[in-house]
Structure formats: C-alpha cells, structure tokens
There are 2 protein chains.
Amino acid sequence: MVIRPYGYAIWEAIQEYLNVKFKETGHSNMYFPQFIPYSFIEKEASHVEGFSPELALVTIGGGKELEEKLVVRPTSETIVNHMFTQWIHSYRDLPLMVNQWANVTRWEMRTKPFVRTLEFLWQEGHTAHATPEEAEMEALQMIDVYTKFAYEQAAIPVIAGRKSKVETFAGATKTYTIEAMMGDRKALQAGTSHNLGQNFSRAFGTQFMDENGQREHVWQTSWAVSTRFVGGIIMTHGDDTGLMLPPKLAPVQVIIVPIWKKADERTGVLNAASSVKEILQTAGIKVKIDDSEQRTPGWKFNFWEMKGVPLRIEIGPRDVSSGSVVVSRRDIPGKQGKVFGISMESSSLVPYVKDKLDEIQSSLLGMATSFRDSNIVDVCSYTELKEAIAQGKWARGPWSASDNEELKVKEETGATIRCFPFEQPQGKKKCLMTGNPADELAIFAKSY
Amino acid sequence: MVIRPYGYAIWEAIQEYLNVKFKETGHSNMYFPQFIPYSFIEKEASHVEGFSPELALVTIGGGKELEEKLVVRPTSETIVNHMFTQWIHSYRDLPLMVNQWANVTRWEMRTKPFVRTLEFLWQEGHTAHATPEEAEMEALQMIDVYTKFAYEQAAIPVIAGRKSKVETFAGATKTYTIEAMMGDRKALQAGTSHNLGQNFSRAFGTQFMDENGQREHVWQTSWAVSTRFVGGIIMTHGDDTGLMLPPKLAPVQVIIVPIWKKADERTGVLNAASSVKEILQTAGIKVKIDDSEQRTPGWKFNFWEMKGVPLRIEIGPRDVSSGSVVVSRRDIPGKQGKVFGISMESSSLVPYVKDKLDEIQSSLLGMATSFRDSNIVDVCSYTELKEAIAQGKWARGPWSASDNEELKVKEETGATIRCFPFEQPQGKKKCLMTGNPADELAIFAKSY
C-alpha cells in the first residue's frame, strides 16, 4: 500500500487529534522493535493461533540464514511484555501507559486499499495495571476516546460495544469495538480496545510486588486505530461525485477557484483570490488556491468535488468589482449549495466560512446517522435475521446462543456479530436463535 | 532498539521542528511500502553493492515460501522510483517533492544505542526535478535545513560539507553531510542530502515529457535525518553527571522539586509548587513537578541532572513565606549555577525562566563549539595527520589525492574523510599526501 499525500494528510489529522487525547489521558509515546523473535509469538497460546497464518517472516539477515526466524510485527503485545517484564518491579512502576505510532504487517490474501492491506500504519496503546478494575476502566476509557473521535471529528456514527467471544482479539479476555456502516452497508471495525487480563503477563512472567510485598501478574490492555480509518471516512461520506470530507479532518477545507476570460481581468481576479486566501489562512482555515492555467474552471470544480473539499469559493471579475465571492458547499449538491454575493471583508467572510464548515461537519454526521438507522433492522428470529442480511442490512436482535450457533450464522449468511452495543434497551428479551432468555441485543452484519 | 518515552520525546521535538520546515519548503508527507521486491534493489548497480550486505529478507509470508524475496527497506529510493515512474508523465508533474517518516532496517553487526542500530526511525525526503540545477539546489537547500536545525535547535556545531567520492551514498552523484563531534571526539554523520542525478531514473525508466515534447529522465534527490540524532544530542552535551539537553528540544525544560521537613509545611509547599507549575505551563514552558514522597530532594536533584533538564526550581517553606524560589542551571555546575530569591510572581518569573533557557541554549552551543574547535588540528602532511588522529583529534588539511590513497588513510589510521567543508579558506593549497595542488581542505576523523 502506498499512501499518497492527500490521503496521508487525513491520517496526519487523525494522528494530531488522537496524540493529544492519548497524552491527556496519561500515555507517553515510545517505540518497540518491529522484529519479534518467533518464540515470543508462541508464548501466548491463543495469540499464536490467531496470528500465525498471517505472519511475514525474516529468515535471512546480513547475508546469513538466521538461527531464529523473526516475525515482522503484526501487533506488539509479545515484545511489549518482554520489555515490560524488565521494567516493572513494584506497584510504584504502575500504571505503565505507553503508545506507539508504527507500521504493522499482516499477510492478507484479499487486499483492499486502506481497509485491508498487507502493511498498514496504526497506533497501538499498551498499558499495565495493578488491578483488574483499573485495566477494565482503561480499556473502556480508550474505546470512549475512539468513539468521540469518530462522532466529533470523522462524522462517523459508529456503534460502540463488546465483541462476542468468537470475535475477541487473540489473547484478550474482552474486546471493545467501534463499528461503522460504510456506504455499501458493510460494517467496518474502525477501532478496538482490549482488556488482556493476565494472559500476556502470565505467558511472559510480567510481575510486580504489591503494597503487601506479594508478587502478582499485571493486568493489561491494548488498543489501536489504523489507516483503515482513512478508508472508513472515504467509504462513509462519499457520493457518486467522489469524496466528501468532514471539515475537521479535511486536508483542504476551502478551495478557491479564480475565474477570468479576458487577459486584463487576470491580475485583478488573482489578487482578490490571494487576499481571500490570506484572510482565511490567518483565521486558521486550511485553504488552497487552484490557479493553474491549464485547466478550465469546470474541470477544477469537478476535481475538487471529487477530492471532497467541503467549501469552494469562486471569484470572477464581477465579484472583484462587487467585493464579494460565491461560496458552494460540497454536501448540498449543485446549485442549491451555491450562495452568491458573500462579502470578501474579513469580518464577514471568516465567520461565514467557519459557520458553514461547522454546518457541513454536522450535516455529514446527520446524513450518515440517518443512513445507518434506516439500514438497521430489528429482528426476532433467525429467519428475519437471514432476510435482513440478504437485503444487505444490519440485523439487530437478542442473542444468547452458543459459539457454534454464531459460527453457523456466519457460514449460512456471511454475517458476523459486530458487537453487543453498550446501549441496550430495557426489558426481558428472548434469543433470536434459541428462544432462551437473552440479556443483550447483538448486531449482525457483513464486514470488510 | 527500544526507544523509551524520554528519548522518544526528544525525537518528537525533532520531528515537530523538521516537519514544519519540510512543509515550508514545499514537501508533502506520504508513505511507501516497507517491503521491496529484491529485483528492485538490483536495478541500480552501486546501490545493490552498497546495501546488499546489510539486508533483512522476508522469505515466508502467510505460511508460504515467497516466489520473490522481499527486502525490508534499508532506504526507499528503489520503491520510490518504481512509484514515481507511474506518477510522472510531463513537466507539469514536476517538481515532485515528498517525505516520509518511517522505520528502516540495516543488518548491523556492531550496534550501539541510537547511533548504530538494526532498526531505526528516520525521515527520508525524495524529490524529482526537470533539471540538474534544480536537483542540486534542492540537495543543498535540505542540508542547509539540517545545518540550521543542528545549530539552532540541537546546539550542535556541525560541519556541513560534501562527502568524498569514496564516502558518497550508494547510488548518488553527490552526498552532502553534516558532521558532529561527539564528547569522545568521534565524528557522527548526523544528516545527509544526496543529489542522485539520473542514476535511479535511468535504472527505473522515470521519464517526463519536457516543454518541447522530448522525453527525459528526471533529476532526483534524497535526504534523511534519523533517531541517530538523538544519540548525537546525548553524546554532544553530556558530562560526568549525565545528560545536558538543549532547552529547545528538552522534553522537560523545568523540573520543580518541592522540599519540606515537617508535616505541616507540606501543603503550603505543594500548593506553591503547583502554582509555579501553572504559571510556567501557561507561558508555554515544558514543566514538571517531582512530588513523589518516596525519594529525597537530593536523590531528585541527581536524577533530573542526569536526565539533563536545563533548569531546576526548588521550593521550600522559607521560599513560600518570602514568595520566591531557588533556580539552578544544569549547564553551570554546583553552587555557581544556583540563584536564590527569584520572585514567584508570574510577571518576573516567566521572563526570568525564558531568559535562562535562552542562555542555556546558547551556552551549550558555545561550549560544544569551543570543544570542537580545540580538537581540530590543521595538518600539512600525512605525518601530521597520523599524529592528530592518534591523539583522538580531527585533522583538517588540503586533499586532492586518489581514492586509493584515501582508503590507505582509513586502513592505517582508522580515520575517514568526513567531508570537504563548504567553508574553505582562500588561497593556494598543496595536498597533504601528494604535494600536488589541492582546491579544498578535507576533514579526517574516526567515526561511529
């Protein structure tokens, strides 16, 4: 996977936001080696089972066959625990809360840009705690950070919840997830947070001396968001014309297209465009002028619409004389999204543009939420579930059946339990599969 | 190599500064895959010769032996050119100027923390231009960005110059470098910028249509700074007591140590410490309180001196009543660096602290410059050169001898030409080795 500058700039905006949140919640960035001795991966039984089919292995280094194969990290729990075991001695060393921004490799047979790639970029948080309660609180806190990010920055109305046992991360006791509905109505797992319990600390002997002088294994979490989220943004907000980027993450929030026909109009229009750019830039808005002379204005309109830039400003000779500009919104198609005669004065233009960017941010979230809600069907029986899935929708229904029955659903419908949402309705429920009492609703969907 | 949070925070400060400079000079960040098909590496003859002894190779992926081995990137010129060839069509696509922050792997036999590691983090810039002049200007511009960074941020008086042919990057026509003198007087190559000419574009067929409709190969550059620079900072400014960090890159600029003996003094002292922290933080200063009760003030003084924190503020009960604090500088040892009775008032404390941080920044650069200058010896003959190197110094002298004679110096003294400095004295010179006319002085030193 190559990530070109425009897509990478979205990733940078994601990093910028999350990095601040991670530090606010007490985590420090650091870096672990990417080559992991194969024997480390084998130490946690379910971990090796989950990851061994997807590993890339280094077998030759510096011209020589290696004595022990090295795994190119698919995730870092094992090397993290190897180090934590050396760093943690007493309860005074806890909690230990770190994060790394890194590349990871998983040998995928069917790849899809951003969403399923052999190599991807991510952040992975790793924490160690003195009590199971603290680890559980941390895992929940981080899925909450991701949920807020999805809603407030990416305008993606994810559903946050707990994974079923079958879908839990290899080596975790609990996995929390945010699930996003893409434009094709497939589910995208957009971020996860794992309570690892003592699984890795037992496998690696990561112990601490508690306040009473007793040795105990630490309780751990790990949590991650990856460049897959860039794919999630693209596939949530796009339409037939191309992308539609949420203003808070858009690399370019406003594109200015200067328009002139006669040669003597050129300077006036370009000067006005520059001064509008200057005004917006000073106000902290990400703005760009497309003043290339090799393309027509129409071509530029299409190009920047396709790129998903939230607002377009057109400036022609008549606008220059009237001291105004034409502003078009990407989220309201065609002429309806176009407003003439907006004053170029900083004091009116800046608040107008900021206001419109906020409106677009809300409007994208609103549209995605309606789309999501109109594509989730409440089901009471397996027949209803199958019908909903066959229609390409998400099915939501009470579930307390076995792992085997869950796997049967997957086999027969292609859908999996995406999560048991945190938000659950009151009242007694009956499992859609068995008719037995069920505590929770689950959401089933096909996924990437 | 594991990079722990304190060291990583220095790397983050480096990234923050350089990232802004790269964008100001017209580069966009992006990301290239880290696995490079072996056949790519073989395409540029001197490149494969330079890198093949250091490669890590992935031979197994997803449980299967791969048909073609994959190289874990030691640097990305080959994969970059593979992509550039697809993206560049006409002169309108040029210049193409990108950068990536990534990990790279070089199979090193003798490793040393930060300075020589199997895996390290770096940025690598890659650009393509329509003319050789533009490529040369770009290569020079970027070594200049690095030089300013070294002097102004890292307080390292590097010597910038051109590498000899022998020491030029595998695949480049010219390599520019910044060379830093470490505390042990070894040279550290702290950053490089390469003019690649058309070497890679010819190997990969990276062509463009010029304004006259002629197809031509692009002219390229690449340039990099790595986590090795963190090692450079540590080894330049440390003393027997530990690190000494330049304020502009220090993760903690001011450490506050509250001191009390009697229990009833505790609250007053801690409150004063918090309020001083608040005042400094609001002013944008990176400040931390060490209020752990398990360590003595003396232990804390030593610990934070070792960590290289530029300023220490002590607050005891007497300071609380007088509304003042005690400020100690890390760069002036012991009691001489200690000033009593600095007012806690924001209006006097903030400018005082900022002023002292600036002074320390200059003082570190000054000390490193004196150290450097007193350890460079001007030499006129090979005998003098050998003597200087034997004393552990850097030797500077006129050089126009052959590659073989350069290799003989390396074999006999362990020193290499670090660079032909950009700054050269006027006048005629005679080669120290051959007595023939020489245009330039070279600097010889042992290096990491």
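All chains are named by letter (A, B, ...) in the order of the sequence lines, taking the proteins before the strands, and each is independently numbered beginning at 1.
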Below 4.5 Å from any heavy atom of chain B, which atoms of [X] appear? Answer side chain, backbone, both or neither.
X: A/Val2; answer: both
X: A/Trp87; answer: side chain
X: A/Ile79; answer: neither

*What is the distance from atom CH2 of B/Trp223 to atom CH2 of B/Trp122, rounded to the nearest 0.5 Å?*
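Answer for the CH2-CH2 pair, B/Trp223 versus B/Trp122, is 11.5 Å.
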*Taking atom CD of B/Glu68 and atom CD1 of B/Ile36, what is their separation to the nearest 0.5 Å?*
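B/Glu68 atom CD to B/Ile36 atom CD1 measures 11.5 Å (nearest 0.5 Å).
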*Who are the side chain to side chain contact (heavy atoms under 4.5 Å, CB included) partners of A/Glu16, not counting sequence neighbours?*
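None.
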Side chain / backbone / both / neither for [X] at chain A, heavy atoms under 4.5 Å:
X: B/Pro33; result: both
X: B/Met1; result: backbone
X: B/Thr105; result: side chain
X: B/Gln294; result: side chain
X: B/Leu118; result: side chain
X: B/Lys64; result: neither

*Looking at residues at least two apart in the chain, or sitting in another chain, which of them share a salt bridge (Lys or Arg N to Asp or Glu O under 4.0 Å) with A/Lys300?*
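For A/Lys300, the residues satisfying salt bridge (Lys or Arg N to Asp or Glu O under 4.0 Å) (neighbours in sequence not counted) are A/Asp290.
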*Mind running side chain to side chain contact (heavy atoms under 4.5 Å, CB included) on B/Phe22 and B/Met142 for me, showing each step along the way?*
CA-CA 9 Å; B/Phe22 296 159; B/Met142 298 323 289; 3.6 Å; yes
*asked:* Can you tell me how the ring of A/Tyr8 sits relative to the ring of B/Tyr31, calling it parallel under 30°, perpendicular over 60° and tilted otherwise?
replied: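 Judged by the thresholds at 30° and 60°, the geometry between A/Tyr8 and B/Tyr31 is parallel.
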*B/Glu12/A/Asn29 under side chain to side chain contact (heavy atoms under 4.5 Å, CB included): CA gap, chis, key distance, verdict*: CA-CA 9 Å; B/Glu12 284 181 303; A/Asn29 285 334; 2.7 Å; yes
*Pick whichever of A/Glu108, A/Glu54, A/Arg92, A/Arg106 has the most heavy-atom pairs under 4.5 Å with chain B.*
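Of the candidates given, the most pairs with chain B belong to A/Arg92.
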*Pairs of heavy atoms under 4.5 Å with chain B: top-ranked of A/Asn103, A/Val98, A/Leu66*: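 Highest number of pairs under 4.5 Å: A/Asn103.
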When heavy-atom pairs shorter than 4.5 Å are enumerated against chain A, which of [options] gives the highest number?
options: B/Trp101, B/Phe35, B/Trp11; value: B/Phe35
options: B/Ser28, B/Ala56, B/Ala9; value: B/Ala56
options: B/Gly7, B/Pro53, B/Gly63; value: B/Pro53

*Within 45° of the six-membered ring axis of A/Tyr6 and under 6.0 Å from that ring's centre, is NZ or CZ of A/Lys307 located there?*
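Yes, A/Lys307 and A/Tyr6 form such a contact.
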*Check each of B/Asp93, B/Thr206, B/Val218 against B/Phe84 using the side chain to side chain contact (heavy atoms under 4.5 Å, CB included) test, and report the only one that passes.*
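Exactly one option meets the side chain to side chain contact (heavy atoms under 4.5 Å, CB included) with B/Phe84, and it is B/Thr206.
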